[in-house]
Amino acid sequence: MKESASKMVMEIEEVSNNYEALPLLSLNHVSLLCRSVWDSMRFYEEVLGFVLIKRPSSFKFNGAWLYNYGIGIHLIENPSIDDFDTIVEPQPINPKDNHISFQCRDVGLVKRRLEDMGMKYVTAVVEDEGNRVDQVFFHDPDGYMVELCNCENIPILPLSSYSFKPRLSSFNRATPAKCGFMENAMMKSLSMEMLNISF
């Protein structure tokens with residue numbers, strides 16, 4: 001029994017050592033089915049500040065591409081979306097449901113703007129070791145949930161049991177930086193370039 005247990009541990013270690021994570025660079029886009037490209041486009045432009053961008057002309061279906069904050073939103077029109085999934089009748093806003101989250105500068109201003117637009121939302125607070133994150137959750141026209149938050153208030157720290165190995169892209173072969181530097185670079189990238197919504 002003891003021998004088979006050590007053999008199992010060795011096999012797990014061998015498997016985990018033989019494979020590296022895929023060579024990813026960043027999140028490119030989120031693709032969403034929608035009932036009406038027009039309604040969804042207006043929401044992502046007017047509420048979240050995305051900008052309509054050129055979409056490949058080879059596509060033979062209705063849709064739209066939007067971009068801002070270092071991420072794309074790809075809308076694909078499917079008027080019969082109710083046959084497949086999502087919302088037939090409005091559902092309660094549940095912060096524990098699937099959602100996409102964006103960093104914002106001022107949660108109070110977000111709430112005031114949503115109220116001015118007549119949009120329903122739910123708030124939540126996360127506290128950890130003296131740090132506080134305010135969250136605002138609301139739905140897009142098709143019932144997909146969106147969160148706006150000040151999540152930078154909780155630092156991104158690797159778990160002590162996980163060895164953080166920075167991945168270098170093929171065009172950047174510099175010596176790997178120390179973990180502290182990488183944490184700071186990740187936070188700066190997330191908060192300043194990708195997820196910074198200004199109202």
Side-chain angles (χ1 to χ4, degrees), residues 21-32 34 40 43-51 53 65-75 86-87 91-169 176-199:
L22 298 174
L24 307 182
L25 296 175
S26 65
L27 178 64
N28 181 270
H29 69 273
V30 175
S31 186
L32 302 171
C34 59
S40 294
F43 172 85
Y44 285 98
E45 284 180 310
E46 295 173 10
V47 177
L48 296 181
F50 278 80
V51 176
I53 62 170
W65 285 13
L66 298 104
Y67 185 85
N68 206 348
Y69 320 111
I71 186 174
I73 301 285
H74 293 186
L75 302 173
T86 64
I87 295 174
Q91 299 291 316
I93 300 169
N94 179 0
K96 294 179 184 172
D97 205 346
N98 294 328
H99 61 275
I100 183 169
S101 178
F102 295 96
Q103 184 70 28
C104 71
R105 289 188 182 136
D106 186 339
V107 174
L109 181 58
V110 165
K111 292 191 284 190
R112 289 191 299 276
R113 293 272 174 93
L114 292 174
E115 288 166 7
D116 291 346
M117 291 184 264
M119 293 185 62
K120 294 179 182 175
Y121 65 86
V122 167
T123 62
V125 173
V126 175
E127 293 182 338
D128 183 56
E129 297 180 4
N131 299 308
R132 177 187 167 110
V133 170
D134 296 296
Q135 303 168 297
V136 180
F137 297 89
F138 52 95
H139 287 144
D140 83 351
D142 292 289
Y144 297 111
M145 190 158 47
V146 176
E147 173 192 3
L148 301 183
C149 67
N150 56 355
C151 292
E152 86 283 0
N153 290 348
I154 294 183
I156 298 173
L157 300 173
L159 296 176
S160 59
S161 62
Y162 175 75
S163 62
F164 181 74
K165 298 176 186 173
R167 306 255 185 249
L168 300 175
S169 66
K178 293 181 181 177
C179 184
F181 172 79
M182 288 305 293
E183 290 171 57
N184 290 335
M186 286 169 44
M187 281 303 296
K188 183 176 180 182
S189 176
L190 286 172
S191 62
M192 299 301 289
E193 295 174 18
M194 293 180 64
L195 304 175
N196 193 4
I197 295 178
S198 61
F199 280 88

* **Phe102 side chain near Ile71 side chain, heavy-atom distance below 4.5 Å** => yes
Is a side-chain N or O of Asn68 found less than 3.5 angstrom from the main chain of Gly49, in a donor-acceptor match?
-> yes
- Determine, using ring centers only, whether Tyr144 and Phe43 are less than 6.0 Å apart. no
- Over 60° means perpendicular and under 30° means parallel, so classify the ring planes of His29 and His74, tilted if in between. parallel
Q | Check against side chain to side chain contact (heavy atoms under 4.5 Å, CB included), Asp142 and Leu32 | A | CA-CA 9 Å; Asp142 292 289; Leu32 302 171; over 6 Å; no
In terms of heavy-atom contacts, Gly108 and Asp106 come closest through N-OD1, 3.1 Å
>> Could you check whether any side-chain heavy atom of Cys34 comes within less than 4.5 Å of a side-chain heavy atom of Pro141, counting everything from C-beta outward?
In response: no
Separation between NZ (Lys111) and CG (Asp116), nearest 0.5 Å, reads 13.5 Å
Task: side chain to side chain contact (heavy atoms under 4.5 Å, CB included) between Asp97 and Phe137, intermediate numbers included - done: CA-CA 10 Å; Asp97 205 346; Phe137 297 89; over 6 Å; no
Full working for side chain to side chain contact (heavy atoms under 4.5 Å, CB included) between Leu148 and Phe138: CA-CA 9 Å; Leu148 301 183; Phe138 52 95; 3.9 Å; yes
inquiry  = Main chain of Val133, side chain of Asn153: is a donor-acceptor contact present, judged purely on distance under 3.5 Å?
reply    = no
Here the pair of heavy atoms bringing Thr123 nearest to Val136 is CG2-CG2, 4.4 Å
Rounded to the nearest 0.5 angstrom, the NE2-CG distance for His99 and Asn94 is 10.0 Å
NZ (Lys120) and NE2 (His139) are apart, to the nearest 0.5 Å, by 10.5 Å
Subject >> Side chains of Tyr121 and Val110 in contact at under 4.5 Å (non-hydrogen atoms) >> reply: no
Side-chain heavy atoms of Leu109 within contact of Cys104, under 4.5 Å: no
May I ask you to check whether over 12 heavy atoms, not counting those of Asn98, lie within 6.0 Å of atom CG? no
Rounding to 0.5 Å, atoms CE (Met117) and CD (Glu115) come to a distance of 10.5 Å
With sequence neighbours left out, the residues meeting side chain to side chain contact (heavy atoms under 4.5 Å, CB included) with Ile53 are Trp65, Tyr67
In this structure, CD1 of Ile100 is separated from CE of Met145 (nearest 0.5 Å) by 12.0 Å
Notebook entry, point to check: With a 3.5 Å cut-off and no angle check, do the side chains of Ser40 and Asp140 form a donor-acceptor pair?
Noted result: no
Here the gap from Ser31 atom OG to Ile73 atom CD1, rounded to the nearest 0.5 Å, amounts to 9.0 Å
